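The first residue in the sequence is number 1, and the count goes up from there. The basis for the numbers below is simple: all heavy atoms, side chains too, and nothing from hydrogens, waters or symmetry mates. Since the model is a prediction, treat every value here as computed from it, not as a measurement.
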Amino acid sequence: MQRTVKTTFIPKKLTPKQKVKKGLKQWGEVAPYILIGMILVLIFVIYPQIKNIYMSFTKYNLIPGTKSPFVGFDNYKLALIGDEKEKFWLAFRNVILYGVFTIPLGMLIGLIMAVLINSVKKFNLFYRGALYLPVLVDWIVVAIIFIYIFQDGDHGLANYFLLKLHIIKEPVAWLQNTWTANAVIWILGIWKNVGWTMFIYLAALQGISKEVYEAAAIDGSKPVQTFFKITLPLLKNTTYYILINLIIGSFNVFIAVYMITQGGPLGTTDVLQNYMYNQAFKYFNFGYACALSVIIGLSIIILTIARNKFFKYERN
């Protein structure tokens with residue numbers, strides 16, 4: 001009986017010269033793709049950023065053949081301490097208030113919904129889809145719906161139900177008052193983003209091993225204790241991720257304000273994005289608008305650094 005002997009393939013050891021040749025060949029294969037990516041980044045990311053910073057130091061003029069005089073920090077001074085400071089700081093205040101009222105509440109509601117859905121077995125996919133649907137709906141469509149809901153007079157849906165329930169005696173002019181108009185924008189922000197927060201938390205919850213909860217149950221841990229001492233600490237990194245994304249998102253709020261209030265009444269609901277938009281495309285102050293965009297970018301960077309300093313990100 002003939003026995004077959006299995007042989008193990010041993011790769012041939014390459015000489016240093018062959019290694020270099022092989023490496024150059026591999027780099028040659030991927031270099032065109034890397035080069036294309038770098039060119040696209042230079043054209044559509046780096047160059048516009050450099051151009052934007054340059055324009056912020058000029059009184060930029062779009063008319064061909066006209067000069068754009070260099071004005072130094074005048075555009076920045078105009079926003080921070082100059083004639084436009086009241087409008088700028090009002091817009092900045094509204095952005096901060098938007099974040100203060102939408103981020104904590106949105107994260108709390110999203111976490112609660114994620115925990116509830118994670119514990120439900122029947123119709124789990126249906127609940128996920130229904131709660132995530134607002135994220136998929138276009139901002140413009142949602143803004144139009146909210147305009148109808150908070151319409152002035154007794155024809156608006158909100159006023160209709162509040163009058164029927166005898167909560168208010170007269171219709172509220174939601175979009176004609178500074179704080180009620182801001183409240184409508186905040187409600188829209190929470191409703192639009194809470195599904196995304198829920199989805200991220202839900203993914204993190206499903207990544208937690210069931211053995212951890214089984215061990216806690218054996219030790220006699222109650223559901224409330226398990227949530228605060230096990231679930232929340234394990235969701236710490238996810239919370240930081242959601243927090244920084246929502247902070248950045250709060251500085252980018254634009255469509256809600258532009259569609260619902262257009263900054264009214266009298267500019268008291270302006271946020272930085274639509275204030276910058278008006279300066280650029282309504283008043284054609286492109287240099288000043290570019291300075292505003294730089295200030296917004298620096299504000300986000302400072303907030304991110306502050307978040308990293310006070311909330312340490314832990315790698316698993």
Side-chain angles (χ1 to χ4, degrees), residues 34-100 139-140 178 182 185 189 244-310:
I34 296 174
L35 185 62
I36 291 170
M38 290 178 65
I39 291 171
L40 292 174
V41 170
L42 283 170
I43 294 173
F44 295 106
V45 178
I46 296 177
Y47 171 73
Q49 292 291 345
I50 295 172
K51 181 72 172 180
N52 182 78
I53 294 171
Y54 164 74
M55 289 172 62
S56 71
F57 292 104
T58 65
K59 189 175 182 181
Y60 197 78
N61 200 324
L62 283 180
I63 301 173
T66 57
K67 294 183 179 180
S68 300
F70 185 81
V71 295
F73 287 94
D74 286 358
N75 288 324
Y76 294 91
K77 292 177 182 178
L78 182 64
L80 299 173
I81 57 175
D83 295 339
E84 292 286 326
K85 66 179 181 181
E86 290 185 7
K87 294 179 181 178
F88 169 79
W89 288 113
L90 180 61
F92 194 90
R93 182 207 70 178
N94 288 338
V95 168
I96 299 299
L97 289 176
Y98 179 86
V100 168
W139 275 94
I140 296 174
T178 299
N182 274 309
I185 294 168
I244 194 61
N245 276 276
L246 291 180
I247 288 173
I248 294 172
S250 68
F251 273 83
N252 289 325
V253 60
F254 169 71
I255 297 177
V257 177
Y258 184 78
M259 290 293 298
I260 294 176
T261 65
Q262 296 184 351
L266 299 175
T268 53
T269 59
D270 267 334
V271 290
L272 290 174
Q273 288 285 354
N274 83 295
Y275 176 59
M276 178 180 67
Y277 176 87
N278 288 334
Q279 290 296 324
F281 301 106
K282 188 175 180 180
Y283 304 114
F284 303 106
N285 296 328
F286 291 101
Y288 180 56
C290 289
L292 292 173
S293 71
V294 173
I295 293 172
I296 293 171
L298 289 174
S299 300
I300 294 172
I301 292 171
I302 292 169
L303 284 171
T304 304
I305 294 171
R307 197 276 304 182
N308 290 334
K309 183 177 180 180
F310 293 104

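- Note that CG of Leu272 and CD1 of Ile296 are 4.5 Å apart. Values are rounded to the nearest 0.5 Å.
- Nearest approach of Tyr98 to Ile185, heavy atoms of both residues: CE1-O, 3.8 Å.
- Side-chain contact of Ser68 with Thr58: a donor-acceptor pair under 3.5 Å is absent, judged by distance alone.
- Ring planes of Tyr258 and Phe254: parallel class, angle under 30° (limits at 30 and 60°).
- Between the OH atom of Tyr60 and the CZ atom of Phe284 there is a distance of 14.5 Å, given to the nearest 0.5 Å.
- Inter-residue side-chain proximity for Ile300 and Ile247 is flagged as unmet; no heavy-atom pair is nearer than 4.5 Å.
- Closest approach of Gln273 to Asn252, counting heavy atoms only: NE2-OD1, 3.0 Å.
- Relative orientation of the Phe57 and Tyr76 rings is tilted, given thresholds of 30° and 60° on the angle between their planes.
- Here the shortest heavy-atom pairing between Asn94 and Asp270 reads ND2-O, 2.7 Å.
- Checking side-chain atoms of Thr269 against main-chain N and O of Gly264 turns up a donor-acceptor pair under 3.5 Å.
- Annotation: Phe73, atom CZ; neighbour count of heavy atoms from other residues, nucleotides and ligands within 6.0 Å does not exceed 12.
- Expressed to the nearest 0.5 Å, how far CG of Leu35 lies from CE of Met38 amounts to 7.0 Å.
- Between the side chain of Asn75 and the main chain of Ser56, a donor-acceptor pair closer than 3.5 Å is present.
- Taking CD1 of Ile46 as the reference point, atom CD1 of Ile39 lies at 12.0 Å (rounded to 0.5 Å).
- Nearest heavy atoms, Leu80 versus Lys85: O-CB, 3.6 Å.
- Asn182 and Arg93 make their closest contact through ND2-NH2, 4.5 Å (heavy atoms, listed as atom of the first residue, atom of the second, distance).
- The backbone N or O of Pro48 sits nowhere less than 3.5 Å from a side-chain atom of Asn52 that would complete a donor-acceptor pair.
- In terms of heavy atoms, Tyr275 sits closest to Ala91 at CB-CB, 4.2 Å.
- Between atom CE of residue Met276 and atom OH of residue Tyr288 there is a gap of 11.5 Å, rounded to the nearest 0.5 Å.
- The number of heavy-atom neighbours closer than 6.0 Å to CG of Leu266, taken from other residues, nucleotides and ligands shown, is 12 or below.
- In this structure, the separation between CD1 on Ile295 and SG on Cys290 is 11.5 Å, given to the nearest 0.5 Å.
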